[in-house]
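Only heavy atoms go into these numbers, but all of them, side chains included; no hydrogens, no water, no symmetry mates. These numbers come from a predicted model, not from an experiment.
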Amino acid sequence: MMRSKNILVAFVGLAVLAGCAKEKKKETPPDAAPPVVEVPQGPYVPPGNGPGQGPGSNWEWGGSAELKITGADQRAKNKRMGEYTGRPMNSPKDIRLNVNLTKAGNGYGGVVTVSYVDNGYQEEGYFTSGSSDKEVQFNIWQHKDNKYAYHGFFEDFLGGIIVVIDEWIDLGDGKGPEDLLGGKVYFKNFGLTYAPHPPTRCWFVSLGPYDCRAWKTDRSVETTRSIYPDSDYVELGSFSGMVLDEAFNGETKEILDNY
């Protein structure tokens, strides 16, 4: 198992304050209701290999790149990896990222994989966004702060990550899909609890230890607020040289048209 935690039961009483006794509660529109999905309670394994699913045994699907862990020196990098995995790390090496996405509605989702070798063993962890229009609605390309950038939510059973693509290298050869991408990966582990994961993705959870939202509103997410996540997300590392066409499985026309 890639990441493990000691789990503690914690129940917190909640008090709701009303600003006006006559004010009616705002109801969530039916089309804004979070999708109900089967969320795994153990290590997530993609349901097959291919576009938007598992990368395959040799990562033949999706775009891959080295993931350079954030830290001033090796000790700091090991500490950051330990925070991410939830356990002490010896000297992790060959840390790589695979991004395997397809389009759904206005967003792009699929499976993100982080792989590393520690103590002679290769560990591979998978994170999913789901693949429905509703699940990936926050995972968009946008023009913000003079950049054309993408960010997206993904989760495994122990926490959420946000992948940000904010670097674009135009090779200038007229073959746009072969352009190279770079960016960062951020993580936020779930709180300590025995409570089961709610039956929806963590970016639709607005209360409790499984709330992995960034760019929060009262009960939702304002995904266009910023390229980079807030809400206590921690930068895991950066990557570069990822092939656009591979990462998005050839579904690049709309991306390029808006570039």
Side-chain angles (χ1 to χ4, degrees), residues 2 44-70 93-117 122-133 135-143 147-156 160-187 223 227-228 235-259:
M2 183 174 180
Y44 173 72
V45 178
N49 300 325
Q53 300 185 62
S57 57
N58 296 311
W59 286 17
E60 55 266 30
W61 299 100
S64 302
E66 177 186 0
L67 183 62
K68 298 178 180 179
I69 302 304
T70 300
K93 58 184 179 180
D94 195 23
I95 304 168
R96 295 189 61 78
L97 173 73
N98 179 276
V99 175
N100 187 13
L101 308 182
T102 57
K103 194 173 191 307
N106 294 319
Y108 295 82
V111 172
V112 171
T113 308
V114 177
S115 173
Y116 64 91
V117 175
Q122 180 169 333
E123 304 283 355
E124 203 163 69
Y126 305 99
F127 298 82
T128 182
S129 65
S131 58
S132 71
D133 294 8
E135 287 172 289
V136 306
Q137 64 185 280
F138 305 127
N139 296 8
I140 62 170
W141 284 90
Q142 60 182 301
H143 291 274
K147 290 185 177 182
Y148 184 45
Y150 167 89
H151 62 211
F153 288 103
F154 303 84
E155 71 169 331
D156 70 355
I161 65 170
I162 291 176
V163 175
V164 173
I165 296 173
D166 61 355
E167 297 177 6
W168 189 302
I169 301 175
D170 188 341
L171 298 181
D173 56 5
K175 300 178 180 179
E178 296 181 5
D179 289 350
L180 303 180
L181 307 173
K184 296 178 175 65
V185 177
Y186 299 82
F187 73 95
T223 194
I227 296 171
Y228 307 101
E235 184 181 308
L236 175 60
S238 61
F239 62 95
S240 61
M242 183 176 291
V243 179
L244 168 68
D245 200 44
E246 294 176 352
F248 290 85
N249 287 286
E251 298 184 359
T252 58
K253 184 180 185 304
E254 185 173 325
I255 298 171
L256 292 165
D257 285 348
N258 291 313
Y259 177 56

Does a donor on one side chain sit under 3.5 Å from an acceptor on the other, for Asn49 and Trp61? no
Among Thr128, Val136, Val163, which one satisfies side-chain contact (heavy atoms from CB on, under 4.5 Å) with Phe154? Val163
Any idea how Tyr150 and Tyr108 line up, ring-wise: parallel (<30°), tilted (30 to 60°), or perpendicular (>60°)? perpendicular
Nearest non-hydrogen partners of Tyr148 and Glu254, listed with the distance: OH-O, 4.2 Å
Approximate separation, where rounding is to 0.5 Å, of Tyr186 OH and His151 NE2: 11.5 Å
For Leu181 and Trp168, what are the C-alpha separation, side-chain angles and deciding distance, and is it a side chain to side chain contact (heavy atoms under 4.5 Å, CB included)? CA-CA 5 Å; Leu181 307 173; Trp168 189 302; 3.8 Å; yes
Taking C-beta and beyond as the side chain, do Trp141 and Ile165 meet within less than 4.5 Å on heavy atoms? yes
Tell me, do Leu236 and Leu67 make a side-chain contact under 4.5 Å, heavy atoms counted? yes
Going from OG1 on Thr102 to CZ on Phe248, what distance comes out if it is rounded to the nearest 0.5 angstrom? 10.0 Å
Is the shortest side-chain heavy-atom distance between Phe127 and Phe187 below 4.5 Å? no
Mind running side chain to side chain contact (heavy atoms under 4.5 Å, CB included) on Val243 and Leu180 for me, showing each step along the way? CA-CA 5 Å; Val243 179; Leu180 303 180; 3.8 Å; yes
Give the minimum heavy-atom separation between Ser129 and Gly110, together with the two atoms involved. OG-N, 2.8 Å
Side-chain donor or acceptor of Asn98 paired with backbone N/O of Val112 under 3.5 Å: no
Could you tell me the separation between the NZ atom of Lys147 and the CD atom of Glu167, rounded to the nearest 0.5 Å? 7.0 Å
Quick check: closest heavy atoms across Ala104 and Ser131, and the distance to 0.1 Å? CB-O, 3.3 Å
Ser115 versus Gln122, closest heavy-atom pair with distance: OG-NE2, 3.2 Å
Interatomic distance, CD1@Ile227 vs CD1@Ile162, rounded to 0.5 Å, equals 12.5 Å
Within the 4.5 Å heavy-atom criterion, are Asn139 and Leu101 side-chain neighbours or not? no
Looking only at atom types and distance, does a side-chain atom of Asn100 sit under 3.5 Å from a main-chain N or O of Gly50, one as donor and one as acceptor? yes
So NZ of Lys103 and OG1 of Thr252: to nearest 0.5 Å the spacing works out to 12.5 Å
Phe138 vs Phe153 aromatic rings, parallel, tilted or perpendicular, using cut-offs 30° and 60°? perpendicular
Compare every heavy atom of Ser64 with every heavy atom of Arg96, then report the nearest pair and how far apart it is. NH2-CB, 3.7 Å
Between CD of Glu124 and OG1 of Thr113, what distance do you get to the nearest 0.5 Å? 6.0 Å
For the residue pair Trp59 / Glu246, report whether a side-chain donor-acceptor contact shorter than 3.5 Å exists. no
Looking only at non-hydrogen atoms, find the nearest pair between Thr223 and Gln142 and report the distance. O-NE2, 3.3 Å
